[in-house]
Amino acid sequence: QVQLVESGGGLVQAGGSLRLSCEASGITIKNYNMGWFRQAPGMGREWVAGIIWSGLEAYYTDSVKGRFTISRDNAKNSLYLQMTGLTREDTAVYYCALSRGFYVGTKSDEYEHWGQGTQVTVSS
């Protein structure tokens, strides 16, 4: 059974930083592309960043470019999201996801496995 478990969320002041982690079990992530999504209250799920299986290529939505960094440690079967320069607009539940597809997708239905989410709240 595939499980993805996020951690590292919390309350942070605007301008601050957080590092999210996602630990996988029941699957070896080194063979798969992965991504981070987020969902703010009353909004749809938004793709934030994606990374190919090797970690050599990463992609970001425009609003987080230059502030967020996605990375992975396949030896630890883990995915990360380093977030800096946080703003209130980054407040959301953040989800990690794993894709069995060939490309790094930006849509929810391109990912087959999801974590339960971790809350990130940015205060002004």
Would you confirm whether Arg67, through its side chain, and Gly85, through its main-chain N or O, come within 3.5 Å as a donor-acceptor pair? yes
Does Leu81 reach the side chain of Phe68, with side-chain heavy atoms less than 4.5 Å apart? yes
Note: Glu46-Arg38 ion pair, threshold 4.0 Å (strictly below): yes
To check you understand the geometry: which heavy-atom pair defines the closest contact between Gly105 and Tyr111, and what is its length? O-OH, 2.6 Å
Determine whether the aromatic ring centres of residues Trp114 and Phe37 are separated by less than 6.0 angstrom. yes
Dump the intermediate steps for side-chain contact (heavy atoms from CB on, under 4.5 Å) on Ile51 and Val104, then the final yes or no. CA-CA 7 Å; Ile51 188 168; Val104 175; over 6 Å; no
Between Asp90 (side chain only) and Val120 (backbone N and O only), is there a donor and an acceptor less than 3.5 Å apart? no
Reported NZ-to-CZ distance for the pair Lys107 and Arg45, which is rounded to 0.5 angstrom: 15.5 Å
Trp53 side chain to Met34 backbone, donor-acceptor under 3.5 Å: no
Quick one: CD on Gln39 to OH on Tyr94, what's the gap to the nearest 0.5 Å? 12.0 Å
Starting at CZ of Arg88, measure out to OG of Ser124 and round the result to the nearest 0.5 Å. 4.5 Å
Could you verify whether a donor N or O on one side chain and an acceptor N or O on the other, from Arg100 and Tyr32, lie under 3.5 Å apart? yes
Heavy-atom closest pair, residues Asn77 and Ser25: ND2-N, 4.4 Å
Checking the side chain of Thr91 only, and the main-chain atoms of Thr121 only, is there a donor and an acceptor separated by less than 3.5 Å? no
Step by step, would you call Leu11 with Ser123 a side-chain contact (heavy atoms from CB on, under 4.5 Å)? CA-CA 7 Å; Leu11 175 64; Ser123 65; 4.2 Å; yes
Heavy-atom side-chain contact between Glu89 and Ser63 under 4.5 Å: no
Ile29 backbone acceptor or donor facing Arg72 side chain under 3.5 Å: yes
In short, Leu4 meets Gln116 closest at the heavy-atom pair O-OE1, 3.4 Å
Any side-chain to backbone donor/acceptor pair from Trp47 onto Ala49? Under 3.5 Å, distance only. yes
I need the minimum non-hydrogen distance between Gly9 and Leu20, along with the two atoms involved. N-CD2, 3.6 Å
Of all heavy-atom pairs between Val93 and Gly117, which one has the smallest distance, and what is that distance? CG1-CA, 3.8 Å
Atom CD of Glu23 and atom NZ of Lys76: how far apart are they, to the nearest 0.5 Å? 10.0 Å
Hey, what do you get for OH (Tyr60) to CH2 (Trp36), rounding to the nearest 0.5 Å? 12.5 Å
Is a side-chain N or O of Thr28 found less than 3.5 angstrom from the main chain of Lys30, in a donor-acceptor match? no
What's the separation between atom CE in Met83 and atom OG in Ser17, rounded to the nearest 0.5 Å? 8.5 Å
List the atom of Gly26, the atom of Val2, and the distance in Å for their closest heavy-atom pair. O-CG2, 3.9 Å
Does the side chain of Tyr59 come under 3.5 Å of the side chain of Glu57 through a donor N or O and an acceptor N or O? yes
Between Leu79 and the options Asn74, Ile70, Asp73, the side chain to side chain contact (heavy atoms under 4.5 Å, CB included) test singles out Ile70
Treating Thr118 as the side-chain partner and Ser7 as the backbone partner, does any N or O pair qualify as donor plus acceptor under 3.5 Å? no
